[in-house]
Amino acid sequence: MTMNPDLSIIIPCYNEAENITRLAETLMPVMDALAQTQTVEAILIDDGSSDDTLARLEALAVQRPDVRVVRHAQNRGLGEAMRTGYTHANGAVLVTTDSDGTYPFTEIPRMLALLTPDVDIVVASPYHPQGGVEGVPRYRLTLSQGASLLYRVLLKWDIHTYTAMFRTVRREVAQRTPSEANGFLMPAEFLANALLLGYRVTEFPTVLHVRRYGQSKARIARIVLAHLRFQARLIGYRLTGRGPKAKAAG
């Protein structure tokens with residue numbers, strides 16, 4: 001396996017033992033297809049799972065030299081898992097996506113095609129006019145759409161979805177964009193900070209599917225409060241003219 005692949009696919013996993021077989025069956029063919037034209041690795045983060053997620057991920061890595069497993073000894077949250085993936089990934093381009101199949105891995109090549117030289121980040125957008133949602137409970141959809149609407153008002157109106165983890169980002173952008181949220185706020189926080197730093201974002205209209213296996217780890221009240229606090233900070237940026245500062249590239 002090359003030390004500097006073209007593409008790293010980063011997938012956080014927390015108590016996803018029921019999903020690992022399906023993850024392997026659906027992700028590996030996509031990686032094999034992508035490997036026809038580029039070098040690819042997968043970084044699978046076990047975020048302190050209490051079930052046998054880690055053992056199943058490690059069994060997959062034994063079979064596949066293009067798969068690496070990184071373990072958190074304790075559960076540290078989605079945001080920290082994404083940052084761990086960014087730190088361990090060697091690819092020039094990074095894809096983050098959900099382990100639960102809510103966005104099919106088969107869409108990764110189509111998303112990558114939108115990362116043209118004048119684009120820094122491509123974000124999945126079920127709330128785009130050409131996107132859609134299938135089977136997601138209405139209350140969860142309302143909260144997610146409401147959060148994205150407020151981000152549209154505060155940041156960039158023609159970005160319809162801010163909360164999706166499924167996205168493609170250039171490695172140097174991931175290295176330089178600050179984030180500190182540990183939970184489900186992180187995808188929106190990262191995207192907001194990237195926009196404020198002037199990075200160029202485009203959307204990939206797609207369909208968000210309901211989870212088929214396992215249980216969601218999202219805690220709605222906690223997530224809503226985190227979004228509101230961060231949105232208040234964005235208002236403060238507007239009032240003071242300040243904003244996030246880019247990190248030194250690693």
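These numbers come from a predicted model, not from an experiment. Hydrogens, waters and symmetry mates are skipped; everything else that's a heavy atom, side chains included, is used.
For the pair T39 and P5, the tightest heavy-atom approach, listed with the atom from each and the gap, is OG1-CA, 3.1 Å. What you find for R238 and L155 is that their closest heavy atoms are NH2-N, 4.5 Å. Heavy atoms only, all atoms of each residue included: T177 and A194 are closest at CG2-N, 3.7 Å. Nearest approach of T26 to R22, heavy atoms of both residues: OG1-O, 2.7 Å. The two residues S49 and N15 come nearest to each other via the heavy atoms OG-N, 2.8 Å. Nearest heavy atoms, L94 versus A89: CD2-CB, 3.6 Å.
The shortest side-chain heavy-atom distance between P187 and T163 does not fall under the 4.5 Å cut-off. The shortest distance between side-chain heavy atoms of L114 and V119 does not fall below 4.5 Å. By the 4.5 Å heavy-atom criterion applied to side chains, M31 and R64 are counted as neighbours. Proximity of L234 to Y151: side-chain heavy atoms (C-beta onward) are separated by under 4.5 Å at one or more points. Contact of the I11 side chain with the L27 side chain is registered, since non-hydrogen atoms from C-beta on lie closer than 4.5 Å. Using a 4.5 Å heavy-atom threshold, the side chains of E203 and I159 count as touching. Using a 4.5 Å cut-off on side-chain heavy atoms (C-beta onward), V70 and I43 make contact. Contact of the S179 side chain with the M82 side chain is not registered, since no non-hydrogen atoms from C-beta on lie closer than 4.5 Å.
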**OP:** Let me see the working for L143 and H227 under side chain to side chain contact (heavy atoms under 4.5 Å, CB included), right down to the final yes or no.
**Re:** CA-CA 10 Å; L143 292 171; H227 280 296; over 6 Å; no
Subject >> From CA spacing to verdict: side chain to side chain contact (heavy atoms under 4.5 Å, CB included), M186, L78 >> reply: CA-CA 7 Å; M186 194 277 200; L78 177 64; 5.7 Å; no
**OP:** List the steps and the verdict of side chain to side chain contact (heavy atoms under 4.5 Å, CB included) for D46 and E58.
**Re:** CA-CA 10 Å; D46 174 59; E58 289 179 335; over 6 Å; no
Subject >> Step-by-step side-chain hydrogen bond (donor to acceptor under 3.5 Å, both in side chains) determination, N4 to N90 >> reply: CA-CA 5 Å; N4 294 293; N90 295 313; over 6 Å; no
Original post:
Does the side chain to side chain contact (heavy atoms under 4.5 Å, CB included) test come out yes or no for R152 and Y162, once each step is laid out?
Top reply: CA-CA 8 Å; R152 294 180 71 191; Y162 283 79; 3.8 Å; yes
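Between the CG atom of L150 and the CZ atom of F230 there is a distance of 12.5 Å, given to the nearest 0.5 Å. One distance of note links CG of L57 with CD1 of I20; it measures 4.5 Å at 0.5 Å rounding. Taken from CE in M111 to OG in S125, the straight-line distance is 9.5 Å, to the nearest 0.5 Å.
The hydrophobic clustering, which links ILVMFWY residues whose side-chain heavy atoms are closer than 4.5 Å, places W157 and F204 apart. Connection of V136 to L149 is not established within any shared hydrophobic cluster, with ILVMFWY side chains joined at heavy-atom distances below 4.5 Å, either directly or through further cluster members. Under the 4.5 Å side-chain heavy-atom criterion for Ile, Leu, Val, Met, Phe, Trp and Tyr, V95 and V207 are members of distinct hydrophobic clusters.
Judged as a salt bridge (Lys or Arg N to Asp or Glu O under 4.0 Å), and not counting sequence neighbours, D51 has no contacts. For F105, there are no ring-ring contact (aromatic ring centres under 6.0 Å, His included) partners, not counting sequence neighbours. Legend: residues meeting salt bridge (Lys or Arg N to Asp or Glu O under 4.0 Å) with E107, ordered by chain and number and at least two apart, are R110. Here F166 pairs with Y103 under the ring-ring contact (aromatic ring centres under 6.0 Å, His included) rule; sequence neighbours left out. Looking at residues two or more places apart in sequence or on another chain, you find no salt bridge (Lys or Arg N to Asp or Glu O under 4.0 Å) involving D118. In this structure R170 satisfies the salt bridge (Lys or Arg N to Asp or Glu O under 4.0 Å) test with no other residue, sequence neighbours excluded. Listed by chain and number, the residues in a side chain to side chain contact (heavy atoms under 4.5 Å, CB included) with K247 are P178 (sequence neighbours excluded).
Residue pairs meeting the side chain to side chain donor-acceptor pair (under 3.5 Å) criterion with at least one member in residues 188-201, sequence neighbours excluded: D120-R200. Applying the ring pair (Phe, Tyr, Trp, His ring centres under 6.0 Å) test to pairs two or more places apart or on separate chains, those with a residue in residues 72-98 are Y86-F190. Listed by first and then second residue, the side chain to side chain donor-acceptor pair (under 3.5 Å) pairs that reach into residues 228-237 are E180-R233, sequence neighbours excluded. Applying the ring pair (Phe, Tyr, Trp, His ring centres under 6.0 Å) test to every pair with at least one member in residues 109-129, sequence neighbours left out, gives these pairs: H128-H160.
Using a 4.0 Å cut-off between a side-chain N of Lys or Arg and a carboxylate O of Asp or Glu, E80 and R83 qualify as a salt bridge.
Considering V93, T96, I108, V123 as possible partners of T168, the one that fulfils the side-chain contact (heavy atoms from CB on, under 4.5 Å) test is V93.
A donor-acceptor distance shorter than 3.5 angstrom exists from the side chain of T53 to the backbone of A17, with no hydrogens or angles considered. No donor-acceptor pair closer than 3.5 Å links the side chain of D98 to the backbone N or O of D100. Using a distance-only test at 3.5 Å, with no hydrogens or angles considered, a donor-acceptor pair links the side chain of N75 to the main chain of D47.
The neighbour count for Q38 CD, taken as heavy atoms of other residues, nucleotides or ligands under 6.0 Å away, is above 12.
Residue V62 belongs to no hydrophobic cluster, having no ILVMFWY side-chain heavy atom closer than 4.5 Å to its own.
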